[in-house]
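Not measured: the values here are computed from a predicted model. For reference, positions follow the sequence shown, starting with 1.
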Amino acid sequence: MTAATHSTLFPQVPESPDAVLDGLDPEQREVALALHGPVCVLAGAGTGKTRAITHRIAYGVRAGILQPTTVLAVTFTNRAAGEMRGRLRQLGATGVQARTFHSAALRQLQYFWPKVVGGELPRLLERKVQLVAEAAARCQIRLDRNELRDVTSEIEWAKVTQTVPADYPAAVAKTQRDAPRDPAELSQIYAMYEQLKRDRSVIDFEDVLLLTVGILQDRHDIADHVRGQYQHFVVDEYQDVSPLQQRLLDLWVGDRDNLCVVGDASQTIYSFTGATPDHLLNFRTRHPHATLVKLVRDYRSTPQVVHLANGLLSHARGKAAEHRLELVSQRDKGPEPSYTEYADEPTEAEGTARRIRDLIAAGVPAGEIAVLYRVNSQSEVYEQALADAGVPYQLRGAERFFERAEVREAGMALRGAARAGGNDSLLDLAEGLPSQVRAVLSTKGWTSRPPAGSGAVRDKWESLAALVRLAEDFEAARPGATLSDLVMELDERAAAQHAPTVQGVTLASLHSAKGLEWDAVFLVGLTEGMMPIAYAKTDEQVEEERRLLYVGVTRARFHLSLSWAVSRSPGGRASRRPSRFLNGLRPGSATPGARGGGAGGAGGIDRGSGTAGGGQAPVVRRKHRGPVRCRVCGRTLTEAGEMKLMRCEDCPSDMDEALYERLHGWRAGQAKELGQPAYCVFTDKTLMAIAEAVPGSEGELVVIAGVGNRKLIRFGADVLAICAGEAVDEEGGKSDGEQ
């Protein structure tokens, strides 16, 4: 690792206020120096908006223009707030509050509640789903699991748009919102949910904002107290504010104008939660004398990626599109984005996994690769494909790094070793900080070589390995640093939620990828009905889907792959079309509004194959002659688990229980020998499918979902032997008596 990289990871605190401005481009510098009056920053993807606003705050604090305790910076996620706190700490601007809207409001509510109402603040309801389910039951309305989740989200939308239960049906009609249930029924559930909360003296996260707004509106003395505390406000991701959050912000600011907002209307992708870009787009109408700065220099992506992103938005329509920013890449040339069409979704996943494996072999770290999809249910086939390819992965949305059990245990072990110092025998032979950390973490499961495969064991190792890498970087940046120094650094990072990177390919929905970036991004499943999603009916809903794809494209620094499958399942009718958003962008396609465009076999589109890799033909090719149907009732199967079993989940099974047990035992032996989780050999569903089908040939085995050509080559002989009743030892192959 280079010294430049180390200085990025552990930069020295700037020596003077002017030094804080070093390295900013002209527009970023203009933001940093605009410390008075309303300021609106329109910042495109990858243009360094967080850098601009944190340097703005730091410069103001270091120059004595801003008092750190009077600055409140708000954003929308704990991760973003943690990153902001970490950067401000590195710039020497300690004491500044950087919080989410909910966190800042909750802090104020807890402080003022005893004075306004008396007693303790009601208990905060962490998850409202169970209470919503009870509310529905009391209304004699039955909700399945998916409906329950959607109704819960709908109640959240109603509350952040300040819609009371009685007004909900009218609000749905006015906004042309696609309600998950009859609006009258949902209004009933919503009202009962609110009643249950009152009866049990609990509040939810939306109530935190509503109650804070109520107190600040009704108690002018408390509003004055808050405004005396906070006199300078910065709002990040301003395009995502809801009407309720804007109302709270107005009450915080009062009649002053020391407000800086930062956003990009082209990245508005959360309107379903009540977010609206109108506040950003109308900022200069509300503040005619506001300073306006546009950041368009893209430091993240290559010209090829930026060209595609600009092209995608060039076809956009609507108010947000009128304010789109034309990005200008500041990076060297890179590879052209690739477009690949596959026969079906499993083949798309296998092809993606192969390309990822090739990138890793070429030197791209696994942690710098992401697979992004429209809905979370698409992840399963990619989890399976990556596991089959031996590629580690992590699902976006898991526990925060410093909240993971293994990280907490490692922190306690390092803290204990730091206190013991020379009295800890673990450190007797360890010279230098990284060696000491390796020695301590070896007692918690860290090894010099990662475990094979994926799963919980690999996840734990990756967490510990991230701590080892952090220690190596820390020593390189701070020669002579001690174990106690590192422990202090970890504590500060934990407080700021500034986590080191865990190495593993990221699987994430496009929504959850907002604010992140990778060297290589694979945008998968880009078909009509998925992108845009089938339920996007209105022009504005379709345009939001376009913006969502734009967010996905702009996550990539260097490599960008876009793919789609013309059918969902093997053998299915090839009726799917590539996303309309790619028309005029992918080679060989017509521009939007023109006829044709096709699936794009010409002009540079790769027709993805299902070969096993390495350019070699598979031993047996799958023959697809139609949709996958249940072999019991004949219904067309669509769920991945059902397709593996070749039957509906509820249809009776004719599985050979004894065969399943033999396969299960054989799999355990194979997994142990390979040092991989059992599911990397075959999943339970695949074993069940084999035990139900009892294949007698390679052709019968390979068509079972979850087998495929690669596993047929590796395990086929054993499986067929077991199905034939022959004895197979745990290390693979027939036993001596069967040779």
Side-chain angles (χ1 to χ4, degrees), residues 76 101-102 105-106 109 113 117 119-218 240-248 269-276 278 375-377 509 511 533-538 540-541 544:
F76 286 82
F101 271 99
H102 283 88
L106 180 59
L109 195 59
W113 185 268
V117 181
E120 292 187 359
L121 182 70
R123 179 173 62 87
L124 185 61
L125 192 65
E126 294 288 341
R127 295 181 70 250
K128 58 174 69 72
V129 171
Q130 291 179 336
L131 206 58
V132 173
E134 183 177 342
R138 292 203 179 194
C139 295
Q140 298 184 331
I141 299 172
R142 184 176 180 180
L143 302 176
D144 63 30
R145 185 172 60 184
N146 291 329
E147 287 177 321
L148 180 59
R149 182 191 61 199
D150 292 342
V151 167
T152 301
S153 297
E154 197 68 5
I155 290 174
E156 292 171 351
W157 173 84
K159 297 186 76 165
V160 301
T161 56
Q162 303 173 83
T163 303
V164 298
D167 295 339
Y168 172 76
V172 169
K174 181 179 180 180
T175 59
Q176 297 182 301
R177 190 170 178 82
D178 187 13
R181 296 281 299 198
D182 177 82
E185 286 186 340
L186 215 150
S187 177
Q188 282 183 275
I189 298 171
Y190 180 12
M192 180 58 69
Y193 167 74
E194 293 297 316
Q195 182 62 52
L196 289 174
K197 285 199 290 105
R198 287 191 293 271
D199 292 345
R200 296 175 188 181
S201 296
V202 296
I203 59 175
D204 58 28
F205 280 101
E206 289 71 42
D207 291 330
V208 170
L209 301 182
L210 285 163
L211 290 170
T212 306
V213 165
I215 288 175
L216 295 177
Q217 283 181 163
D218 296 342
D240 289 333
V241 294
S242 68
L244 180 56
Q245 289 165 331
Q246 181 61 48
R247 182 65 188 132
L248 178 59
I269 59 173
Y270 296 113
S271 67
F272 60 91
T273 68
T276 170
D278 290 347
V375 294
N376 285 318
S377 61
S509 70
H511 280 101
I533 199 76
Y535 52 74
K537 303 296 186 184
T538 67
E540 180 48 42
Q541 288 170 339
E544 180 148 334

Asks: I need the Asp150 CG to Trp157 CH2 distance, nearest 0.5 Å.
Replies: 14.5 Å

Asks: If you measure from the Lys or Arg side-chain nitrogens to the Asp or Glu carboxylate oxygens, is any gap between Lys197 and Glu194 under 4.0 Å?
Replies: yes

Asks: Once rounded to the nearest 0.5 Å, what's the spacing between atom CG of Leu148 and atom OG of Ser153?
Replies: 9.5 Å

Asks: May I ask you to decide if Ile269's main-chain N or O and His511's side chain share a donor-acceptor pair within less than 3.5 Å?
Replies: yes

Asks: Decide if atom CD of Glu134 counts as having more than 12 heavy atoms of other residues, nucleotides or ligands within a radius under 6.0 Å.
Replies: yes

Asks: To the nearest 0.5 angstrom, please state how far the CG atom of Leu124 sits from the CG atom of Asp207.
Replies: 9.0 Å

Asks: Apply side-chain contact (heavy atoms from CB on, under 4.5 Å) to the pair Val241 and Phe76, showing each step before the final yes or no.
Replies: CA-CA 9 Å; Val241 294; Phe76 286 82; 3.5 Å; yes

Asks: Can you name the nearest heavy-atom pair linking His102 to Phe205, along with the distance?
Replies: CD2-O, 3.2 Å

Asks: So which atom in Val172 and which in Pro183 form the shortest heavy-atom distance, rounded to 0.1 Å?
Replies: CG1-CG, 4.2 Å

Asks: Between Arg200 and Leu125, is a side-chain contact (heavy atoms from CB on, under 4.5 Å) present by the stated rule, with each step listed?
Replies: CA-CA 10 Å; Arg200 296 175 188 181; Leu125 192 65; over 6 Å; no

Asks: Let me see the working for Leu143 and Ile189 under side-chain contact (heavy atoms from CB on, under 4.5 Å), right down to the final yes or no.
Replies: CA-CA 11 Å; Leu143 302 176; Ile189 298 171; 4.3 Å; yes

Asks: For Tyr168 and Glu154, test the side chains for any donor-to-acceptor distance below 3.5 angstrom and give the result as yes or no.
Replies: yes

Asks: Any chance you could measure Ile203, atom CD1, to Leu210, atom CG, to the nearest 0.5 Å?
Replies: 10.0 Å

Asks: What's the separation between atom CG in Leu121 and atom CG in Leu211, rounded to the nearest 0.5 Å?
Replies: 7.5 Å

Asks: Against Leu106, only a single residue in Val208, Leu209, Thr212 fulfils side chain to side chain contact (heavy atoms under 4.5 Å, CB included); can you say which?
Replies: Val208

Asks: Can you tell me how far SG of Cys139 sits from CD of Gln188, rounded to the nearest 0.5 angstrom?
Replies: 5.0 Å

Asks: If you look at every heavy atom in Pro165 and Ser187, which pair is closest and at what distance?
Replies: O-OG, 2.6 Å

Asks: Between Gln245 and Phe101, is there a donor-acceptor pair closer than 3.5 Å when you use the side chain of the first and the backbone of the second?
Replies: no

Asks: Please test Asp204 against Tyr193 for side-chain contact (heavy atoms from CB on, under 4.5 Å), starting from the C-alpha separation and ending with a verdict.
Replies: CA-CA 11 Å; Asp204 58 28; Tyr193 167 74; 2.7 Å; yes

Asks: Looking at Arg198, I want to see if its CZ is surrounded by more than 12 non-hydrogen atoms of other residues, nucleotides or ligands under 6.0 Å.
Replies: yes

Asks: Is the shortest heavy-atom distance from the side chain of Pro122 to the side chain of Trp113 under 4.5 Å?
Replies: yes

Asks: Give the minimum heavy-atom separation between Ser271 and Glu544, together with the two atoms involved.
Replies: OG-OE1, 2.5 Å

Asks: Is the closest side-chain heavy-atom distance between Gln195 and Arg138 below 4.5 Å?
Replies: no

Asks: Restricting to salt bridge (charged side-chain N to carboxylate O under 4.0 Å, His left out), what partner residues turn up for Arg181, sequence neighbours left out?
Replies: Glu147, Glu185

